[in-house]
Protein chains: 2
Amino acid sequence: MIELDKFFKSPFTVDNVIFGFDEGDLKVLLIKRGEEPFKDEWALPGYFVNENEDLDSAAKRVLAELTGIKNVYLEQVNTFGAVDRHPLGRVITVAYYSLIKISDYNLHASSIAINAKWHSIAKLKYLAFDHFKILMACFQRLKNRVRERPVGFELLPPKFTLTQLQHLYEAILETNLDKRNFRKKILSMNLLLDLNEMQEGVAHRPARLYQFDKMKYEQFLAEGYVFDLSGSKNKSSKKKSKKSV
Amino acid sequence: MIELDKFFKSPFTVDNVIFGFDEGDLKVLLIKRGEEPFKDEWALPGYFVNENEDLDSAAKRVLAELTGIKNVYLEQVNTFGAVDRHPLGRVITVAYYSLIKISDYNLHASSIAINAKWHSIAKLKYLAFDHFKILMACFQRLKNRVRERPVGFELLPPKFTLTQLQHLYEAILETNLDKRNFRKKILSMNLLLDLNEMQEGVAHRPARLYQFDKMKYEQFLAEGYVFDLSGSKNKSSKKKSKKSV
DNA sequence: CCTATTTAGTGTAAAATTGACACCAGCCCT
DNA sequence: AGGGCTGGTGTCAATTTTACACTAAATAGG
């Protein structure tokens, strides 16, 4: 019987990359650290995992402790384990990401966070530790996700216009989309509920407001699965895609 | 200044999911453990990470030590950290996967492995620890990869027929593909080098042999990138895909 | 040697999807 | 009333995807 104590042990952390969307800008939630190392610098909200805690639970807990944000779905992206990534010694970190509606949450910095704020991703150049690298890895994941399935509704207010939704996609994909084609496609997915309401108080023609239809989304995922995986009964049909990144 | 020793520490391991393809069957490389826990049971080739070792290096080293396989590209998939996933105490594990040509490598079990063998994935039901779960996660990743870009050549002998290639895709995607459409598409990618050689000694019309063209593959990846991300100069073009899983 | 068996190899047409593109509508402001 | 701004809409060409069936070339076995 082996003894676990023979083996090298290290502490490990979770780091959260929380994306939000506001004022046409894709943002990420950062904390200002009140603790060395990297005291007073901006970093991802992350901290050490406790003894009796799953990684997923730890990510949730840490996020709540540092920023006040609760009840978000976090998806694991990657684990970073370079020997020297932490100045005080070896620390492995597991990165998680999520998308949330900025307006749904109040930020409340506590624990080692002396501040918690949304930052425009486009403007960021540097973060504490290897957090910039982690951010970029998660951003890449987000880009891939968004072209596989309709994510992104999480980032908008409950009632939104098609133009807002388009801007969101453009921010995530870092590209420009054709208005007519975008609308055609997004509407054809039947994931939007037309609220028959209009924007008010804007200095231009008011836009129609929509809501995300969660029920149809589940349906979509279910079908989508069968869709791409099943051929016809026998001789068949599927192909792997040719271009697309 | 914080002291890392205050925090909970645990050992951590890497586990490798190595896919191979042989006799029309998608296989995974397993070891029989010669050490408790799960002595004499089949498991993924994995072991503890050392103090001065990156995760990626550890994965490579462990794979070589247990199975004799060297020089493979390993991609990180996921980290599993359930509190009770290891019967002797907490152990976090980072899962890696790779694709290799079975015939290119000689298996040589050593260290805690008393055997190393290829197993058909379709027949597997159970593995030591949570390794079955890990295997499934990596299999899913493989399926996703294969529809994004032409992986899979790694799994075939240096000279292969289009039918072999098709069977490989069918095994990975767990579906049936149309012969004519498959050939049309794969040939149009210009990734195959026609060797102008024929199969010999088969009891049917001999098939043409092909080779994978690595140079064109690099080209393909480079172009592919620009391809899907760029719109035209201004008003634009890109869309997120609608179906496809 | 003739036949049966097995896998290799090939083309086309219909359907669906994608991509490019330009103008009028409706609100506020001055 | 007009200017400024964003919302909203349709079509056509090009490309991609899918479905589908027969002949060719080798060996095996009588």
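With C:dC21, D:dA21, D:dG8 as the choices, the nucleotide that has an atom nearest any side-chain atom of A:R183 turns out to be D:dG8. Which of C:dG19, C:dG11, C:dA22 sits closest to the side chain of A:K184 comes down to C:dG19.
Between B:T163 and C:dA8, a side-chain N or O to OP1/OP2 separation shorter than 4.0 Å is present. For the OP1/OP2 pair of C:dT17 and a distance below 4.0 Å, the side-chain nitrogens and oxygens of A:K185 include no atom meeting the criterion.
Closest heavy-atom contact between B:Q76 and B:R141: O-NH2, 3.1 Å.
Between B:L63 and B:V72 there is a side-chain heavy-atom pair separated by less than 4.5 Å.
Other residues, nucleotides and ligands contribute only 12 or fewer heavy atoms inside 6.0 Å of the NE2 atom of B:H108.
Remark: B:K101 fails to qualify as a cation-pi partner of B:Y105 under the 6.0 Å distance and 45° angle criteria applied to the six-membered ring.
If you find the closest nucleotide of DNA chain C to B:T161 and to A:R180, the one lying nearer the 5' end belongs to B:T161.
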Would you list the protein and nucleotides 26-30 of chain C atom pairs, both N or O, that sit under 3.5 Å from each other?
{"unit_1": "C:dG26", "atom_1": "N2", "unit_2": "A:R205", "atom_2": "N", "d": "2.7"}
{"unit_1": "C:dG26", "atom_1": "N3", "unit_2": "A:R205", "atom_2": "N", "d": "3.3"}
{"unit_1": "C:dC27", "atom_1": "O2", "unit_2": "A:A203", "atom_2": "O", "d": "3.4"}
{"unit_1": "C:dC27", "atom_1": "O2", "unit_2": "A:H204", "atom_2": "N", "d": "3.3"}

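Taking B:W42 as the reference, B:H119 meet the ring-ring contact (aromatic ring centres under 6.0 Å, His included) condition, with sequence neighbours excluded.
Here the two rings, on A:F212 and A:Y217, have centers that are under 6.0 Å apart.
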